[in-house]
Colleague: 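Quick one: the structure is below, and I'll ask about it shortly.
Counting begins at 1 with the first residue of the sequence. All figures in this text were calculated on a predicted structure; none of them were measured in a lab. When a ligand or atom number is given, it counts from 1 through the structure's own listing order.
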Amino acid sequence: MNNATLAIDVTGLVKRFGDLVAVNNLALQVRRGEIYGFLGPNGSGKTTTIRMLCGLLTPDGGSGTCLGYDVIRETRQIKRQVGYMTQRFSLYEDLTIRENLDFTARIYGMDNRNEAVERSLERLGLADRQKQLAGTLSGGWKQRLALAACMLHEPQLLLLDEPTAGVDPKARRDFWDEIHRLAGEGITVLVSTHYMDEAERCHRLAYIAYGHLLAQGTVAEVVENSGIVTWMVECSDVYVLGAQLRGLPGISQVVPFGNALHVSGTDKDLLEQSISPFREQPGCRWAPIQPGLEDVFIQMMEGAKPNV
Ligand SMILES: Nc1ncnc2c1ncn2[C@@H]1O[C@H](COP(=O)(O)OP(=O)(O)O)[C@@H](O)[C@H]1O
Ligand SMILES: [Mg+2]
(Lines give C-alpha, C1' and ligand atoms only; values in the text may rest on other atoms or scores of the structure.)
(Ligands and ions follow the chains in the order given, each with its own letter.)
Protein backbone atom coordinates (compact mmCIF):
# COMPACT_ATOMS: atom_id res chain seq x y z
CA MET A 1 0.00 0.00 0.00
CA ASN A 2 1.21 3.51 -0.75
CA ASN A 3 0.23 7.14 -0.43
CA ALA A 4 -2.69 6.73 -2.79
CA THR A 5 -4.37 4.24 -0.47
CA LEU A 6 -2.99 5.24 2.91
CA ALA A 7 -4.00 8.48 4.63
CA ILE A 8 -1.63 7.80 7.53
CA ASP A 9 1.49 5.70 7.24
CA VAL A 10 3.99 6.12 10.08
CA THR A 11 6.53 3.85 11.73
CA GLY A 12 8.73 4.01 14.79
CA LEU A 13 7.04 7.09 16.23
CA VAL A 14 8.55 8.08 19.56
CA LYS A 15 7.74 10.95 21.90
CA ARG A 16 9.41 11.52 25.25
CA PHE A 17 8.53 13.96 27.98
CA GLY A 18 11.59 13.94 30.23
CA ASP A 19 12.02 10.34 31.39
CA LEU A 20 8.56 9.32 30.28
CA VAL A 21 8.24 7.59 26.93
CA ALA A 22 4.70 8.69 26.07
CA VAL A 23 4.72 7.06 22.62
CA ASN A 24 7.04 4.15 22.04
CA ASN A 25 7.93 2.93 18.56
CA LEU A 26 4.41 3.24 17.22
CA ALA A 27 3.49 2.18 13.69
CA LEU A 28 0.13 3.08 12.27
CA GLN A 29 -1.44 2.60 8.88
CA VAL A 30 -4.82 4.13 8.16
CA ARG A 31 -6.46 3.69 4.76
CA ARG A 32 -8.11 6.55 2.97
CA GLY A 33 -11.84 6.75 3.60
CA GLU A 34 -11.84 4.48 6.61
CA ILE A 35 -12.93 5.16 10.16
CA TYR A 36 -10.07 4.12 12.38
CA GLY A 37 -10.61 3.76 16.11
CA PHE A 38 -7.88 4.68 18.53
CA LEU A 39 -8.32 3.01 21.91
CA GLY A 40 -6.33 2.73 25.09
CA PRO A 41 -6.47 3.65 28.76
CA ASN A 42 -5.97 7.24 29.91
CA GLY A 43 -2.36 8.32 29.59
CA SER A 44 -1.54 5.69 26.96
CA GLY A 45 -0.38 8.25 24.38
CA LYS A 46 -3.43 8.72 22.13
CA THR A 47 -3.50 12.52 22.25
CA THR A 48 0.28 12.72 21.90
CA THR A 49 0.14 10.51 18.80
CA ILE A 50 -2.67 12.57 17.28
CA ARG A 51 -0.68 15.77 17.87
CA MET A 52 2.36 14.28 16.15
CA LEU A 53 0.26 13.18 13.19
CA CYS A 54 -1.11 16.64 12.55
CA GLY A 55 2.21 18.39 12.94
CA LEU A 56 1.62 20.10 16.29
CA LEU A 57 4.26 18.08 18.08
CA THR A 58 7.62 17.03 16.66
CA PRO A 59 8.38 13.33 17.15
CA ASP A 60 11.68 12.38 18.85
CA GLY A 61 11.93 9.45 16.49
CA GLY A 62 10.19 7.76 13.63
CA SER A 63 9.07 8.77 10.20
CA GLY A 64 6.19 8.56 7.79
CA THR A 65 3.50 10.42 5.99
CA CYS A 66 0.12 11.91 6.66
CA LEU A 67 -1.96 12.50 3.50
CA GLY A 68 1.23 11.85 1.57
CA TYR A 69 3.17 14.63 3.34
CA ASP A 70 6.19 14.00 5.51
CA VAL A 71 5.20 14.19 9.20
CA ILE A 72 8.48 15.86 10.15
CA ARG A 73 9.17 18.24 7.27
CA GLU A 74 5.81 19.03 5.71
CA THR A 75 3.70 19.91 8.73
CA ARG A 76 2.41 23.09 7.15
CA GLN A 77 0.77 21.17 4.28
CA ILE A 78 -0.59 18.58 6.71
CA LYS A 79 -2.23 21.20 8.93
CA ARG A 80 -4.01 22.66 5.92
CA GLN A 81 -5.72 19.37 5.12
CA VAL A 82 -6.40 17.98 8.54
CA GLY A 83 -9.33 18.81 10.82
CA TYR A 84 -8.42 18.32 14.48
CA MET A 85 -11.09 18.20 17.16
CA THR A 86 -9.21 18.44 20.42
CA GLN A 87 -10.09 16.57 23.56
CA ARG A 88 -12.35 18.77 25.74
CA PHE A 89 -12.69 21.26 22.86
CA SER A 90 -14.70 24.33 23.72
CA LEU A 91 -16.87 26.74 21.83
CA TYR A 92 -18.00 30.21 22.74
CA GLU A 93 -21.23 29.62 24.59
CA ASP A 94 -22.41 33.21 24.24
CA LEU A 95 -21.99 33.23 20.46
CA THR A 96 -24.51 31.70 18.05
CA ILE A 97 -23.70 28.69 15.90
CA ARG A 98 -23.01 30.92 12.92
CA GLU A 99 -20.90 33.35 14.96
CA ASN A 100 -18.82 30.49 16.33
CA LEU A 101 -18.11 29.22 12.84
CA ASP A 102 -17.43 32.70 11.52
CA PHE A 103 -15.04 33.38 14.39
CA THR A 104 -13.19 30.13 13.73
CA ALA A 105 -12.93 30.95 10.03
CA ARG A 106 -11.44 34.36 10.93
CA ILE A 107 -8.83 32.72 13.14
CA TYR A 108 -7.89 30.46 10.22
CA GLY A 109 -7.63 33.61 8.09
CA MET A 110 -9.90 32.12 5.43
CA ASP A 111 -10.57 34.53 2.57
CA ASN A 112 -13.82 32.83 1.45
CA ARG A 113 -15.18 32.97 4.97
CA ASN A 114 -18.90 33.42 4.27
CA GLU A 115 -18.97 30.63 1.74
CA ALA A 116 -17.11 28.30 4.06
CA VAL A 117 -19.49 29.03 6.94
CA GLU A 118 -22.55 28.54 4.70
CA ARG A 119 -21.20 25.27 3.35
CA SER A 120 -20.34 23.98 6.80
CA LEU A 121 -23.79 24.93 8.18
CA GLU A 122 -25.50 23.08 5.33
CA ARG A 123 -23.23 20.09 5.39
CA LEU A 124 -23.75 19.34 9.06
CA GLY A 125 -27.44 20.22 9.14
CA LEU A 126 -26.92 23.31 11.30
CA ALA A 127 -28.48 25.90 8.96
CA ASP A 128 -31.87 25.95 10.70
CA ARG A 129 -30.28 26.59 14.07
CA GLN A 130 -27.59 29.00 12.99
CA LYS A 131 -28.91 31.80 15.22
CA GLN A 132 -29.09 29.65 18.34
CA LEU A 133 -26.56 30.39 21.09
CA ALA A 134 -24.03 27.59 21.41
CA GLY A 135 -24.51 27.57 25.19
CA THR A 136 -28.15 26.50 24.78
CA LEU A 137 -27.38 23.51 22.54
CA SER A 138 -27.67 19.93 23.75
CA GLY A 139 -24.48 17.89 24.05
CA GLY A 140 -25.05 16.25 20.67
CA TRP A 141 -25.53 19.52 18.83
CA LYS A 142 -22.48 21.04 20.50
CA GLN A 143 -20.52 18.09 19.19
CA ARG A 144 -21.86 18.62 15.72
CA LEU A 145 -20.94 22.32 15.88
CA ALA A 146 -17.40 21.41 16.95
CA LEU A 147 -17.21 19.02 14.01
CA ALA A 148 -18.48 21.76 11.67
CA ALA A 149 -15.80 24.09 13.02
CA CYS A 150 -12.96 21.68 12.31
CA MET A 151 -14.35 21.02 8.82
CA LEU A 152 -14.55 24.65 7.66
CA HIS A 153 -11.43 24.27 5.55
CA GLU A 154 -12.71 21.01 4.00
CA PRO A 155 -10.05 18.67 5.38
CA GLN A 156 -9.32 15.25 3.89
CA LEU A 157 -8.58 13.75 7.27
CA LEU A 158 -10.35 14.24 10.59
CA LEU A 159 -8.55 13.60 13.86
CA LEU A 160 -11.19 13.43 16.56
CA ASP A 161 -9.90 13.14 20.11
CA GLU A 162 -12.59 11.61 22.36
CA PRO A 163 -15.29 13.60 20.60
CA THR A 164 -18.19 11.92 22.42
CA ALA A 165 -16.87 11.76 25.98
CA GLY A 166 -19.80 12.34 28.33
CA VAL A 167 -22.40 12.53 25.55
CA ASP A 168 -25.64 10.54 25.86
CA PRO A 169 -26.22 7.40 23.74
CA LYS A 170 -28.66 8.95 21.25
CA ALA A 171 -26.39 11.93 20.61
CA ARG A 172 -23.40 9.61 20.26
CA ARG A 173 -25.30 7.56 17.73
CA ASP A 174 -26.22 10.66 15.71
CA PHE A 175 -22.62 11.83 15.83
CA TRP A 176 -21.42 8.46 14.56
CA ASP A 177 -23.99 8.44 11.76
CA GLU A 178 -22.47 11.77 10.76
CA ILE A 179 -18.94 10.35 10.85
CA HIS A 180 -20.03 7.45 8.66
CA ARG A 181 -21.66 9.85 6.22
CA LEU A 182 -18.39 11.80 5.96
CA ALA A 183 -16.40 8.59 5.50
CA GLY A 184 -18.84 7.71 2.71
CA GLU A 185 -17.78 10.94 1.02
CA GLY A 186 -14.17 9.76 1.15
CA ILE A 187 -12.97 11.55 4.29
CA THR A 188 -10.63 9.57 6.54
CA VAL A 189 -11.38 9.63 10.25
CA LEU A 190 -9.08 8.72 13.13
CA VAL A 191 -11.12 8.81 16.32
CA SER A 192 -10.12 8.08 19.89
CA THR A 193 -12.76 6.73 22.24
CA HIS A 194 -13.33 4.73 25.41
CA TYR A 195 -16.71 3.42 24.26
CA MET A 196 -16.81 -0.19 23.08
CA ASP A 197 -19.94 0.33 20.97
CA GLU A 198 -18.07 3.07 19.12
CA ALA A 199 -15.03 0.85 18.66
CA GLU A 200 -17.33 -1.66 17.01
CA ARG A 201 -18.51 0.97 14.55
CA CYS A 202 -14.97 1.52 13.20
CA HIS A 203 -13.66 -0.17 10.08
CA ARG A 204 -10.45 -0.94 11.92
CA LEU A 205 -8.89 0.02 15.21
CA ALA A 206 -5.70 0.14 17.23
CA TYR A 207 -5.30 -0.46 20.93
CA ILE A 208 -2.39 1.16 22.75
CA ALA A 209 -1.18 1.05 26.35
CA TYR A 210 1.84 2.83 27.85
CA GLY A 211 2.66 4.17 24.39
CA HIS A 212 2.91 0.70 22.82
CA LEU A 213 0.65 -0.54 20.06
CA LEU A 214 -0.80 -3.79 21.38
CA ALA A 215 -3.29 -4.67 18.66
CA GLN A 216 -4.48 -3.46 15.31
CA GLY A 217 -7.13 -4.66 12.86
CA THR A 218 -10.85 -5.17 12.50
CA VAL A 219 -12.81 -5.93 15.67
CA ALA A 220 -13.01 -9.60 14.64
CA GLU A 221 -9.26 -9.74 13.99
CA VAL A 222 -8.39 -8.08 17.29
CA VAL A 223 -10.61 -10.49 19.22
CA GLU A 224 -9.35 -13.49 17.26
CA ASN A 225 -5.67 -12.58 17.61
CA SER A 226 -5.95 -11.93 21.34
CA GLY A 227 -6.14 -15.67 21.99
CA ILE A 228 -8.62 -15.03 24.79
CA VAL A 229 -11.13 -17.72 25.66
CA THR A 230 -14.30 -16.82 27.52
CA TRP A 231 -16.91 -18.97 29.22
CA MET A 232 -20.20 -17.66 30.49
CA VAL A 233 -21.87 -19.16 33.53
CA GLU A 234 -25.39 -18.37 34.66
CA CYS A 235 -26.18 -19.24 38.25
CA SER A 236 -28.16 -18.15 41.27
CA ASP A 237 -25.30 -16.64 43.23
CA VAL A 238 -22.72 -15.15 40.91
CA TYR A 239 -20.85 -13.50 43.78
CA VAL A 240 -20.13 -16.71 45.68
CA LEU A 241 -19.13 -18.52 42.51
CA GLY A 242 -17.08 -15.51 41.36
CA ALA A 243 -15.11 -15.50 44.59
CA GLN A 244 -14.36 -19.21 44.17
CA LEU A 245 -13.18 -18.82 40.59
CA ARG A 246 -11.03 -15.73 40.98
CA GLY A 247 -7.34 -16.49 41.19
CA LEU A 248 -7.57 -20.08 39.94
CA PRO A 249 -4.90 -21.09 37.39
CA GLY A 250 -5.73 -19.96 33.85
CA ILE A 251 -8.46 -17.59 35.00
CA SER A 252 -7.49 -13.98 34.50
CA GLN A 253 -10.88 -12.25 34.51
CA VAL A 254 -14.16 -12.96 36.28
CA VAL A 255 -16.70 -10.29 35.44
CA PRO A 256 -20.36 -10.24 36.53
CA PHE A 257 -23.00 -9.38 33.91
CA GLY A 258 -26.33 -9.45 35.72
CA ASN A 259 -26.96 -13.06 36.76
CA ALA A 260 -24.03 -14.34 34.73
CA LEU A 261 -20.25 -14.29 34.97
CA HIS A 262 -17.80 -14.02 32.10
CA VAL A 263 -14.75 -16.08 32.93
CA SER A 264 -11.73 -15.50 30.68
CA GLY A 265 -8.13 -16.49 30.23
CA THR A 266 -5.53 -16.99 27.53
CA ASP A 267 -4.68 -20.64 28.24
CA LYS A 268 -7.71 -22.60 27.05
CA ASP A 269 -6.75 -25.94 28.62
CA LEU A 270 -5.79 -24.49 31.98
CA LEU A 271 -8.97 -22.41 32.10
CA GLU A 272 -11.11 -25.45 31.30
CA GLN A 273 -9.33 -27.52 33.92
CA SER A 274 -9.99 -24.87 36.54
CA ILE A 275 -13.68 -24.52 35.76
CA SER A 276 -14.37 -28.25 35.33
CA PRO A 277 -15.26 -28.97 39.02
CA PHE A 278 -17.75 -26.09 38.92
CA ARG A 279 -19.43 -27.27 35.74
CA GLU A 280 -21.21 -30.03 37.66
CA GLN A 281 -22.69 -27.66 40.24
CA PRO A 282 -26.50 -27.81 40.22
CA GLY A 283 -28.19 -24.63 39.04
CA CYS A 284 -25.20 -23.48 36.99
CA ARG A 285 -25.27 -23.30 33.21
CA TRP A 286 -21.92 -23.00 31.48
CA ALA A 287 -21.28 -22.15 27.82
CA PRO A 288 -18.27 -20.98 25.83
CA ILE A 289 -18.89 -17.54 24.30
CA GLN A 290 -17.15 -15.10 21.98
CA PRO A 291 -15.04 -12.73 24.11
CA GLY A 292 -15.97 -9.07 23.91
CA LEU A 293 -13.62 -6.24 22.94
CA GLU A 294 -13.65 -4.98 26.50
CA ASP A 295 -12.43 -8.36 27.82
CA VAL A 296 -9.68 -8.31 25.21
CA PHE A 297 -8.55 -4.77 26.05
CA ILE A 298 -8.52 -5.34 29.78
CA GLN A 299 -6.50 -8.49 29.28
CA MET A 300 -4.03 -6.64 27.07
CA MET A 301 -3.68 -3.75 29.45
CA GLU A 302 -2.91 -6.05 32.33
CA GLY A 303 -0.21 -7.74 30.29
CA ALA A 304 1.40 -4.43 29.29
CA LYS A 305 4.15 -2.73 31.26
CA PRO A 306 4.97 0.93 31.84
CA ASN A 307 8.10 2.39 30.23
CA VAL A 308 9.47 4.13 33.28
N1 LIG B 1 3.21 18.16 27.38
C2 LIG B 1 3.45 17.14 28.20
N3 LIG B 1 4.43 17.16 29.11
C4 LIG B 1 4.69 16.12 29.91
N5 LIG B 1 3.98 14.96 29.89
C6 LIG B 1 3.00 14.85 28.99
C7 LIG B 1 2.67 15.93 28.10
N8 LIG B 1 1.64 15.53 27.31
C9 LIG B 1 1.34 14.27 27.70
N10 LIG B 1 2.16 13.86 28.71
C11 LIG B 1 2.15 12.53 29.35
O12 LIG B 1 2.26 11.56 28.31
C13 LIG B 1 1.46 10.43 28.58
C14 LIG B 1 0.49 10.23 27.43
O15 LIG B 1 -0.48 11.28 27.45
P16 LIG B 1 -1.63 11.41 26.38
O17 LIG B 1 -1.06 11.34 25.02
O18 LIG B 1 -2.39 12.64 26.73
O19 LIG B 1 -2.49 10.09 26.66
P20 LIG B 1 -4.02 9.77 26.31
O21 LIG B 1 -4.48 10.78 25.31
O22 LIG B 1 -3.97 8.38 25.78
O23 LIG B 1 -4.77 9.85 27.59
C24 LIG B 1 0.77 10.70 29.91
O25 LIG B 1 1.52 10.07 30.91
C26 LIG B 1 0.83 12.21 30.03
O27 LIG B 1 0.84 12.61 31.38
MG1 LIG C 1 -6.06 12.08 25.41
Colleague: Heavy-atom distance under 4.5 Å between the side chains of Arg32 and Leu67, does that happen here?
Modeller: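 In short, these two side chains touch, coming nearer than 4.5 Å.
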
Colleague: Would you call Lys46 and Asp161 a salt bridge, taking side-chain N to carboxylate O under 4.0 Å as the test?
Modeller: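 No.
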
Colleague: Check for a donor-acceptor pair, side chain of Gln253 on one end and backbone N or O of Asp295 on the other, with a separation under 3.5 Å.
Modeller: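 Confirmed, Gln253 side chain pairs with Asp295 backbone.
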
Colleague: Would you mind reporting whether Gln299 and Ser226 have side-chain heavy atoms less than 4.5 Å apart?
Modeller: no

Colleague: Inspect the contact between Asp177 and Arg172 and indicate whether a charged nitrogen and a carboxylate oxygen are less than 4.0 angstrom apart.
Modeller: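 The answer is no: the pair does not qualify as a salt bridge.
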
Colleague: Do you know how many protein N, O or S atoms are within a distance smaller than 2.8 Å of the Mg ion (ligand 2)?
Modeller: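 For the Mg ion (ligand 2), protein nitrogen, oxygen or sulfur atoms under 2.8 Å: 2.
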
Colleague: Among all protein heavy atoms, pick the one closest to atom 18 (O) of ligand 1 and tell me residue, atom and distance.
Modeller: Thr47 CB, 3.7 Å

Colleague: Spell out, as yes or no, whether a donor-acceptor pair under 3.5 Å connects the side chain of Trp176 to the backbone of Cys202.
Modeller: no

Colleague: Might you check, step by step, whether the distance between atom 27 (O) of ligand 1 and some protein heavy atom is under 4.0 Å?
Modeller: no

Colleague: Taking the side chain from Gln130 and the backbone from Ala127, do they hold a donor-acceptor pair closer than 3.5 Å?
Modeller: yes

Colleague: What do you reckon, is CZ of Phe17 surrounded by more than 12 foreign heavy atoms closer than 6.0 Å?
Modeller: yes

Colleague: With nothing but distance in play, are any N or O atoms of Gln87 less than 3.5 Å from an N or O of ligand 1?
Modeller: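 N/O-N/O distance below 3.5 Å does not exist for this pair.
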
Colleague: Looking at Arg113 and Glu118, is any side-chain nitrogen of the basic one under 4.0 Å from a carboxylate oxygen of the acidic one?
Modeller: no

Colleague: Going by the atom numbers of ligand 1, which of them fall below 4.0 Å from some non-hydrogen atom of Leu20?
Modeller: 11 (C), 12 (O), 13 (C), 25 (O)

Colleague: Quick one: look up the protein heavy atom nearest atom 23 (O) of ligand 1 and list residue, atom name and how far away it is.
Modeller: Gly43 N, 2.7 Å

Colleague: Could a heavy atom of Gly45 be found less than 4.0 Å from some atom of ligand 1?
Modeller: yes

Colleague: Kindly determine whether Arg144 and Asp174 satisfy salt bridge (charged side-chain N to carboxylate O under 4.0 Å, His left out), including the steps that lead there.
Modeller: CA-CA 9 Å; Arg144 197 176 278 229; Asp174 291 346; 5.2 Å; no

Colleague: Find all atoms of ligand 1 within a distance of less than 4.0 Å from any non-hydrogen atom belonging to Asn42, and give their numbers and elements.
Modeller: 23 (O)

Colleague: List ligand 1 atoms under 4.0 Å from Ser44, heavy atoms only on the residue side.
Modeller: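 Ligand 1 atoms under the 4.0 Å threshold to Ser44: 19 (O), 20 (P), 22 (O).
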
Colleague: Counting non-hydrogen protein atoms only, what is the nearest one to atom 6 (C) of ligand 1? Give residue, atom name and distance.
Modeller: Phe17 CD1, 3.2 Å

Colleague: Checking contacts here: is it the side chain or the backbone of Asp161 that comes within 4.0 Å of ligand 1, counting heavy atoms only? Could be both or neither.
Modeller: neither

Colleague: I want to check something: taking the side chain as every heavy atom from C-beta on, are Tyr84 and Leu56 in contact at a cut-off of under 4.5 Å?
Modeller: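 In contact.
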
Colleague: Just distances here: any N/O of Ala22 and N/O of ligand 1 closer than 3.5 Å?
Modeller: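 N/O-N/O distance below 3.5 Å does not exist for this pair.
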
Colleague: Can you pull out the closest protein heavy atom to atom 17 (O) of ligand 1? Residue, atom name and distance to 0.1 Å, please.
Modeller: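 Result: Thr48 OG1, 2.5 Å.
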
Colleague: With Met151, which of Met85, Arg119, Arg123 fulfils side chain to side chain contact (heavy atoms under 4.5 Å, CB included)?
Modeller: Arg123

